[in-house]
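Just so you know, these numbers come straight off a predicted model, no measurement behind them. Each chain gets a letter, A, B and so on, in the order its sequence line appears, and its residues count up from 1.
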Amino acid sequence: MSLRIYNTLSGKKEEFQPLVPGKVGMYVCGVTVYDYCHIGHARANIVFDIIFRYLHFAGYDVTYVRNYTDVDDKIINRANERGIDSKELAEEFIRAFDEDMETLGLAKPTYEPRATEYIDEIIVICNILIDKGMAYASGGDVYYRVDKFNDYLKLSKRNMEEMQAGARIAPGEQKENPMDFALWKAAKPGEPSWESPWGPGRPGWHIECSAMSSSLLGDSFDIHGGGRDLIFPHHENEIAQSEAANEKPFAKYWVHNGFVNVNQEKMSKSLGNFFTIRDIVNTFDPEVVRFFILTAHYRSPIDFSDGNLEDAASGLSRFYEALQAAAEAVEGCPENDVASELGAQLEAKFREAMDDDFNTALAIGHLFEGARTMNRLIGEKKFRKKADLVANVRDLHRTVLKLGEVIGLFGSDPHSWLETFKLAGLSSLGITVEEIESQITERLQARKDKDFARSDEIRDELEVRGIMLLDSREGTTWKLK
RNA sequence: GGCCCCGUCGCCAAGUGGUAAGGCAGCGGUCUGCAACACCGUUAUCACCAGUUCGAAUCUGGUCGGGGCCUCCA
C-alpha cells in the first residue's frame, strides 16, 4: 500500500504522488520568535519531524524547510516593552527555539530561513502582484486585492460575504476592501525597516512564506504544513500571493496538525493554562512528551494533563524495560544463521500504519506488540540455548530500535533512561537511593535468615512510600510504583 | 450567525461498509517463600433515534452533548 495523506485542500486522504518522483519538497510554517515555545509548538514541530523522518525512511529525498518569522508586530511590541532592539529579541528566541527543539529530539530541517533574509524576494513578489493588478500600493503600504483572486478561500472553504461581515479596516490602513491584506507595511518611527519602492517598510505577515518557499523549493512543491489555526488567514493568503504571482499551483498537499488542550480546555494565556516547553521538561522527560504526542493521531485534538503524561511515561518505560531485557537476554549468545521473520513482519505493519496518513498511534500499537513478543520469547525455558528464539529476539530488538528511530523514540540507552526516570521520581517521594539500598540490604539478610515477616514488612513499608521491589536471580532491584 | 470537527471498554486511543488494534487500570492463571516484574487468558457492538444496505462504529437524516475557526495564534 502506498502512502496516503489527508489534504486539507480536498478534505480527504489522497495517494501521495510527489511532483518529481522520489523527491519531496516540504515547507512548514515555523514560529514567530517573540516568546518561548509552548506545548502546542512542540506538537506541531514533532508532528512534522516524524513526517520528515518517515518520508526519508520511505526512500524519498526530502527537502524540509522550516522558517523563522523574525520581523512582525508582536516582535516589535515585545522588544519595545523590554527596551531592546527587535533584532536582538528575535535572536534570543531563535536560540531558545533551537534549544527547545534539540531538547525534544527533533531532526534539523534542510533549511531554516529567516524572513529578514528574504526581503529582496519579498519586494519582487510585491512588484509582480502590483504589475498584474493583484495588489496596490497605498500610503506606503502594499495590499493584496483579495477579490481579484478567484480561488480565494478555497483552502478554508469560507465565503466572502460572511467573512466581510466581520472584517474591518484598522485605523491608519488605507485599503480598498476590508478583506484585503497587507503585503508590505510602511515603517512607523522607530520600527525596523528596509528600503522599498514604496518607502521604508517591512513585510506583512504572509508574504515571507511565499518568498522563502519558492526560493528554496520552487514555485510548486509537495507538502505545506502548519497548525490548523494557520489555515485562515495565513495559508489562504499564501496561496493567493503565490498562485497569483507565479500562475502555477502552489503546494500540492496541505497538512495541518490538531490542537493541544490543557485539562480539556483550550490552551490560552487568558486562562492561565499556558505551558512552555521549558516548564514541561522540568517535570517530564522530553521523550515522554514526544511519546505522548505520537500516541494520538496528528489531526486529533489531544489533552495535555499530568495524568495523560504519566500514562505516556508508563508506556515508554515499558518499551525501555523490554529493550533492556532483550539486550541482556541475547548478550553473549553466539551469532547464528537462523532466519527470523519477526522483524520484517513488524516493519511491514509499521509501514502500513504510517502509510495511512502517518498513523503513529497505530504504529506504536504494533511496536507494543513487538515488545510483548520479545518479553514472551525471553521468558521461555532455556531461551539462551535455543538458536531460533535468540535469532527472533535479536531481530525484533533491532527492528524496534530502527522503527523507533523513525518516529524519534528509543534513542537513549535503556539502562540510563530507566535510571534517570527512577531518580527523577524519587525527589517527589521524599526518599533517597541510599535509604532504599540500605532497606534492600537489610531485607536480603532477613530473607537469608528466612525471616519472611521482617522481609515483607520492609517491602510493604517501601511500597507505601511509592517504591516497588523486584526480586530476581541476580538480586533485588526497585522501581517507582 | 457562517464554516468545520468530535462523541469507541473505568481512563488514554486506533479503526471510516463485512461482525471492534494497542497502552494503563481490573479480574483469573503461570512464575514466586509471599509479592512485584514478565508472560498467558479475560473484559466494549461503538452518545441516542430513524433510514440506506445482504451487512454500518464506519453512509444518510435528525436529536443530545463537547470542541474549533471566522481577530494574533502551532
For [N] and [M], measure between their [atom1] atoms and round to the nearest Å.
N: B/C54; M: B/A74; atom1: C1'; answer: 47 Å
N: B/U42; M: B/A35; atom1: C1'; answer: 22 Å
N: B/U8; M: B/C49; atom1: P; answer: 16 Å
N: B/A56; M: B/G67; atom1: P; answer: 32 Å
N: B/U45; M: B/U58; atom1: C1'; answer: 12 Å
N: B/G15; M: B/G7; atom1: P; answer: 10 Å
N: B/C69; M: B/U63; atom1: C1'; answer: 25 Å
N: B/A21; M: B/G61; atom1: C1'; answer: 31 Å

Item to complete: Would you mind classifying the nucleic acid contact of A/V260 as base, sugar-phosphate or nothing, using non-hydrogen atoms under 4.0 angstrom?
Response: base

Worksheet item: At under 4.0 Å between heavy atoms, what does A/G307 touch on the DNA or RNA strands: base, sugar-phosphate, or nothing?
Response: nothing

Over 60° means perpendicular and under 30° means parallel, so classify the ring planes of [Y] and [X], tilted if in between.
X: A/H206; Y: A/H234; result: tilted
X: A/F52; Y: A/Y64; result: tilted
X: A/F275; Y: A/F304; result: tilted

Worksheet item: So, for A/Y143 and A/F181, is the gap between ring centers shorter than 6.0 Å?
Response: no

Using atom [atom1] of [X] as one end and atom [atom2] of [N] as the other, report the distance to the nearest whole Å.
X: A/D73; N: B/U71; atom1: CG; atom2: P; result: 16 Å
X: A/L403; N: B/G22; atom1: CG; atom2: C1'; result: 16 Å
X: A/N261; N: B/G68; atom1: CG; atom2: P; result: 7 Å
X: A/K157; N: B/C69; atom1: NZ; atom2: P; result: 18 Å
X: A/K266; N: B/C72; atom1: NZ; atom2: P; result: 13 Å
X: A/L9; N: B/C4; atom1: CG; atom2: P; result: 15 Å
X: A/F259; N: B/C70; atom1: CZ; atom2: C1'; result: 13 Å
X: A/E236; N: B/U71; atom1: CD; atom2: P; result: 13 Å

Fill in: Within 6.0 Å of OH in A/Y111, more than 12 heavy atoms from elsewhere
no

Just name whichever nucleotide pairs with [N], Watson-Crick or G-U, keeping both distances under 3.5 Å, else none.
N: B/U19; value: none
N: B/C69; value: B/G2
N: B/G7; value: B/C64
N: B/A14; value: none
N: B/U52; value: none
N: B/U32; value: none
N: B/A44; value: none

Worksheet entry | Annotated protein contacts, base or backbone, on nucleotides 30-43 of chain B with a non-hydrogen cut-off under 4.0 Å, one of B, S, - each | ---BBBBSSSS---

Worksheet entry | Summary of protein contacts for nucleotides 7-20 of chain B, nucleotide by nucleotide, where a base hit scores B, a sugar-phosphate-only hit scores S (4.0 Å, heavy atoms) | -----SSSS-----

Is any NZ, NE, NH1 or NH2 atom of the basic residue among [X] and [Y] found under 4.0 Å from an Asp or Glu carboxylate oxygen of the other?
X: A/E352; Y: A/K349; answer: no
X: A/E461; Y: A/R465; answer: no
X: A/R78; Y: A/E81; answer: yes

Atom [atom1] in [X], atom [atom2] in [Y]: separation rounded to 0.5 Å?
X: A/L429; Y: A/I436; atom1: CG; atom2: CD1; value: 8.0 Å
X: A/L230; Y: A/W254; atom1: CG; atom2: CH2; value: 9.5 Å
X: A/I223; Y: A/F48; atom1: CD1; atom2: CZ; value: 8.5 Å

Worksheet entry | Set of salt bridge (Lys or Arg N to Asp or Glu O under 4.0 Å) partners for A/R443, sequence neighbours left out | A/D471

Side-chain atoms of residues 362-380 of chain A: list all donor-acceptor pairs with protein atoms under 3.5 Å, sequence neighbours left out, distances to 0.1 Å.
residue: A/T373; atom: OG1; partner: A/E369; partner atom: O; Å: 2.8

Fill in: Toward the 5' end of RNA chain B, by each residue's nearest nucleotide, A/L230 or A/G315
A/G315

Discussion item. What residues from residues 28-41 of chain A pass a heavy-atom cutoff of under 4.0 Å to RNA chain B?
Written reply: A/G30, A/H38, A/G40, A/H41

Item to complete: List for me each residue that meets side-chain hydrogen bond (donor to acceptor under 3.5 Å, both in side chains) alongside A/Y34, sequence neighbours excluded, and say none if there are none.
Response: none

